Amino acid sequence: MQTADEPDFETRIEKIKAIIEKLNGNELSLKDGIKLYQEAKEHIASANQILEQAEFELKDIIQ
């Protein structure tokens, strides 16, 4: 479950987009690229959890 101090879904998506842009550039070292890749994976996993929770809540409302 998301806490108040964690980024919301939309913020996570924007961070993922920004990371993808950086990864597509040629200015990163391998080490920095790996760090960004890991950060993106974490944002994707959290965004997926937020979506799953929203889906669960929506199904509960509909039923």
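None of the values given here were measured: they were computed from a predicted structure.
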Compare every heavy atom of Ile50 with every heavy atom of Asp8, then report the nearest pair and how far apart it is.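 Minimum heavy-atom separation between Asp8 and Ile50: C-CD1, 4.2 Å.
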Closest non-hydrogen atom pair between Ala47 and Arg12, with its separation: N-CD, 3.9 Å
Single-linkage hydrophobic cluster Ile16~Tyr37, side-chain heavy atoms < 4.5 angstrom: no
Check the hydrophobic clustering (I, L, V, M, F, W, Y; side-chain heavy atoms under 4.5 Å; chains of links allowed) and say if Leu28 and Ile34 are grouped together.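 Cluster IDs for Leu28 and Ile34 differ.
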Less than 4.5 Å apart, side chain to side chain, heavy atoms only: is that true for His43 and Ile19?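 Yes, at least one pair of side-chain atoms sits under 4.5 Å.
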When you compare the side chain of Lys22 with that of Glu27, does any pair of heavy atoms fall below 4.5 Å?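 When only atoms from C-beta onward are counted, Lys22 and Glu27 do not touch, as no gap falls below 4.5 Å.
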Under a plain distance cut-off of 3.5 Å, with no hydrogens placed, do Gln49 and Gln53 share a side-chain donor-acceptor pair?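 No, no side-chain donor-acceptor pair sits under 3.5 Å.
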So, taking the atom named [atom1] in [X] and the one named [atom2] in [Y], what distance separates them when rounded to the nearest 0.5 Å?
X: Phe56; Y: Leu58; atom1: CZ; atom2: CG; result: 11.5 Å
X: Glu39; Y: Ile44; atom1: CD; atom2: CD1; result: 11.0 Å
X: Lys41; Y: Ser46; atom1: NZ; atom2: OG; result: 12.5 Å

Start with the C-alpha gap between Glu21 and Lys17, add the side-chain angles, then the distance that decides, and say whether salt bridge (charged side-chain N to carboxylate O under 4.0 Å, His left out) holds. CA-CA 6 Å; Glu21 283 188 36; Lys17 287 179 184 179; over 6 Å; no
